[in-house]
4 protein chains.
Amino acid sequence: MRDYQNIINGIYEKAINQSEKGTVATYIPELAKVDIANFGIHLRTINNTCFGIGEYDTLFSIQSISKVLSLAYAMSLVGEAIWKRVDVEPSGHPFNQLALLEVENGIPRNPFINSGAIVIADILLSHLDDPKTDFLNFVRQLCDDDSINYNETVALSEKQTGFKNVSAANLLKSFKNLENDIDAVLDFYFHQCSIEMTCSQLTKVFYFLANNGCCLQNKLHLTNSQVKRINALMLTCGFYDEAGEFAFEVGLPGKSGVGGGIVALLPDNFIITTWSPGLNKKGNSLLGMQALEAFTTQTKQSIF
Amino acid sequence: MRDYQNIINGIYEKAINQSEKGTVATYIPELAKVDIANFGIHLRTINNTCFGIGEYDTLFSIQSISKVLSLAYAMSLVGEAIWKRVDVEPSGHPFNQLALLEVENGIPRNPFINSGAIVIADILLSHLDDPKTDFLNFVRQLCDDDSINYNETVALSEKQTGFKNVSAANLLKSFKNLENDIDAVLDFYFHQCSIEMTCSQLTKVFYFLANNGCCLQNKLHLTNSQVKRINALMLTCGFYDEAGEFAFEVGLPGKSGVGGGIVALLPDNFIITTWSPGLNKKGNSLLGMQALEAFTTQTKQSIF
Amino acid sequence: MRDYQNIINGIYEKAINQSEKGTVATYIPELAKVDIANFGIHLRTINNTCFGIGEYDTLFSIQSISKVLSLAYAMSLVGEAIWKRVDVEPSGHPFNQLALLEVENGIPRNPFINSGAIVIADILLSHLDDPKTDFLNFVRQLCDDDSINYNETVALSEKQTGFKNVSAANLLKSFKNLENDIDAVLDFYFHQCSIEMTCSQLTKVFYFLANNGCCLQNKLHLTNSQVKRINALMLTCGFYDEAGEFAFEVGLPGKSGVGGGIVALLPDNFIITTWSPGLNKKGNSLLGMQALEAFTTQTKQSIF
Amino acid sequence: MRDYQNIINGIYEKAINQSEKGTVATYIPELAKVDIANFGIHLRTINNTCFGIGEYDTLFSIQSISKVLSLAYAMSLVGEAIWKRVDVEPSGHPFNQLALLEVENGIPRNPFINSGAIVIADILLSHLDDPKTDFLNFVRQLCDDDSINYNETVALSEKQTGFKNVSAANLLKSFKNLENDIDAVLDFYFHQCSIEMTCSQLTKVFYFLANNGCCLQNKLHLTNSQVKRINALMLTCGFYDEAGEFAFEVGLPGKSGVGGGIVALLPDNFIITTWSPGLNKKGNSLLGMQALEAFTTQTKQSIF
């Protein structure tokens, strides 16, 4: 066993003493209230041994990290048919640009930009009886934890201010790439993003992606091939227009959220989650990016 | 007096016998029902002498031609402050592109692309007690004709299918360039576009733009300087990404609508309206464009 | 006769006392040496009555103003076939952008952006025995003045630093929209731009565009229709991405050059040239734009 | 030992009997002469055990595959300073687009698009006494094979037709992101791309990237960290705008060339090269892409 605890302790100490911590997201008013001083790291090995430091047991808004879970759920329900409605290429542009969507006739570049995740939400709506309940149960099952929940205040806050997402949904609809009512799709999407989890819950939920599709409760959720594809997508598209930088500096499949969380994993080895609400200019957690870079540099463990 | 009647008769004869008539717009279902065989021309001189041929007394949906009227009304109410919220440059792109709007931080390129006209609609909403009634009265007054009205069926039809306009309005709102409620702005905008007029009514309504701001009822609506600016905008931005072509081939300020109407004018001389519902690939009336090119070629009258 | 002399005197006085004069272009090192204090205005009526103030008899580099002359020459030689190789739409983008050219398969938006003017230069090369001599003779003939000449130092200066133009020419060649050797085309193009004239020479050279194609020596160079088209192009495309602004504020067909010159004209009425080497952010002469706006406001003379 | 020989035999049989083989690149005339029927696969394990089928010992033009070698050489000479002049993000656009380069002020998106590779070539020129000889020696040393050489005919062919590359180089120069003479940089770049190798030579040359920087002759060329970064770049940027697709379907770092070659590798495990000159619409070898997808599907070996 590598000395993971020492390594994350060292990274944590350095980070909390650093003055430059980025900026808390303000475009969702509820998120702006979070204390920027929070910082937590949690690592779970494939043998379910855990290491943590800082606020790794504090709930935060997972936001875009949820896009990996909705994609996994949609793949388990629909399979390869998803890829007729969303592509698998990096966007090369900030997460909220509509330009490419317009040029490319309403087919989002990948399922992790907002428009792509809205299409995935639409797919789930078409295949689920009670989408919000069913999706929450999917996540709770992955985590074996029924306490996981939506934050209705955050969902409402985003609903009232998420004009760019409404814009994207209407553009998708104009290209006939949304089947359901726009309001229903966005209501589901805003709820999905509002889920709250801790770092340690997230390393449990993402365990199946490091373990060939099988979760800690030993249930197979996706095929080996499907898991590899999700991991590939996280690597090439998981960090908006900083995806190349993350692959280059960290070298792990991962996904960030505007709430300040980042989940990354090394297949067959470990899952690691960081949470620090201060974001860099590209919208990814500043301390989280630095921590993960330091982690793979010190452990020399990456997919490359 | 030039022999206008002979000239438009000749143009009309050639046009109605032409097999290639373009395609009726289908994106607003109500408009798709119009008979493509319709063709009318109406010319009104500055002395109010009129010449007409074909369906120049049939009502049609003026659609984007209304953008000139809402702009004129907004200028009369607000003056130069408009230009803080919308620019005066040609877009160089199709009428529905959101890309530029996103890059340019929510300031539409000009008031004749959809996003620009939606901003103008928002300005009117902020300054009018009863926007739909007040705007209709403004148009009726210009025409001295109380029969002019909205077509509620067309307005509803566009409301139910105008996803790209909803997308644009939300994008504007995300950049804080809409003051009013999105639904209220779009309801007004869809009504404004649904106004029905005949070719001969349109040459009357646009008379003030050929007459230094003074309408046929001898009321001054805009200053001479404001009229010149609207005419300049029509010339550079009145025909989506075919504006240069229209200036080059026709050489008059003008504005087209997806209902197949075109209004053009030579200041201090005449106003001419054509209506043929078949559109070319750029969304402008195919026969109308040809008719106006032939007209200025034969009369040798243009602003250049 | 309007009191043109009083008007331009007033404009001149105000301008030379203004502290904000813009910035002299530095990308062509030779041009950076020009004294920013220079300011001249010259107006020539259709009756060849002249009015001038300031440095209207000082030579300056006409730069992009030459694009109007090369276009006119090409039209006189080739006619409408030009328009298979260059379009007539405003670009909506800064003068040196290659992006549109790439997207639009090597067909420049219009003959006044650099790539379009390079295509026109290529057309001249294909049709002239001795391009540089022949073009110079065309310009001298329009002006009835054999003293007009290229500035070899400026041409060489641009050759050594005009990497963006070399880039554009190679992109055109890759789309097979250049027939001649790239170096030969650019050598001609850089010479064409290096021509030096005074304000009063320029009002003489451009006289034929205000006089239906007939120059002051009473020779017909272009048809009435061709002249109208060039004037239309100047209005929609003559000022890079400030063309709409110029149409809106000034309301005359015109063309600017990075040397600080602007020529504008009112068909059948007058030609006016201003020269002030300080440029605004869009690359047009700052004092010149202001002077022409003041001129059409005070005279109430514009095409609109 | 997995049964690699059986697996590649099966893939080979299926591929050569497939009628759809893509299209041989024609933009470099010399390449258009290659017989589309060629197909070879070669695999070399980290223990230097080799498996091959088909034309794996035939020389072909490695073209863009050379960009990985020039990058590696530049990193060994200059280290991290490279990244001031070229970024590490996927471009999301075809390999020859200049648009992004213009918007992003002359900093290429990554070292594997043409403009990025031209910057790397410029860096090599600034640091080498005899660039063409030195680079060839670097490649020969990696392969322990002095027979490797430039193909002067191909280099000349590209020089005479590579207008887009000349365009890109001039654009870079205009942004001051080329230090050396443009012709010299391009001469080196066209030579670099013209190197000819066989599949089996390529698996030897790329061995160091699967072996932590150490080549088969046991010489350390790059640090472990540098190798990981090159592998990350190949994964996110190695296949033009099909990089996401390759990561998604194949799941290995790799690089393709317009000559029809593809090299891919699994760190600490193997290097595999395919060659089939027929390209798909995105410019990557059609049979090669299929073969590598089949290979990782059947072996279940990928970085994810």
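Predicted model only: the values in this text are computed from it and were never measured. Lettering follows sequence order; numbering is per chain, from 1.
Contact check for L235(B) versus F304(C): side-chain heavy atoms found under the 4.5 Å cut-off.
Every side-chain contact (heavy atoms from CB on, under 4.5 Å) that A210(B) has, sequence neighbours left out, goes to I46(B), L265(B), I271(B).
By number of non-hydrogen pairs under 4.5 angstrom with chain B, the leading residue of A243(C), P253(C), G251(C) is A243(C).
Closest of all the heavy-atom pairs between A247(B) and A232(C) is O-CB, 3.3 Å.
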Donor and acceptor N/O pairs, chain C versus chain B, under 3.5 angstrom:
{"residue": "E89(C)", "atom": "OE1", "partner": "A243(B)", "partner atom": "N", "Å": "3.4"}
{"residue": "E89(C)", "atom": "OE1", "partner": "G244(B)", "partner atom": "N", "Å": "2.8"}
{"residue": "E89(C)", "atom": "OE2", "partner": "E245(B)", "partner atom": "N", "Å": "2.8"}
{"residue": "G92(C)", "atom": "O", "partner": "R109(B)", "partner atom": "NH1", "Å": "3.0"}
{"residue": "G92(C)", "atom": "O", "partner": "R109(B)", "partner atom": "NH2", "Å": "2.7"}
{"residue": "R109(C)", "atom": "NH1", "partner": "G92(B)", "partner atom": "O", "Å": "3.0"}
{"residue": "R109(C)", "atom": "NH2", "partner": "G92(B)", "partner atom": "O", "Å": "2.8"}
{"residue": "R229(C)", "atom": "NH2", "partner": "E249(B)", "partner atom": "OE1", "Å": "2.6"}
{"residue": "A243(C)", "atom": "N", "partner": "E89(B)", "partner atom": "OE1", "Å": "3.4"}
{"residue": "G244(C)", "atom": "N", "partner": "E89(B)", "partner atom": "OE1", "Å": "2.8"}
{"residue": "E245(C)", "atom": "N", "partner": "E89(B)", "partner atom": "OE2", "Å": "2.8"}
{"residue": "E249(C)", "atom": "OE1", "partner": "R229(B)", "partner atom": "NH2", "Å": "2.6"}

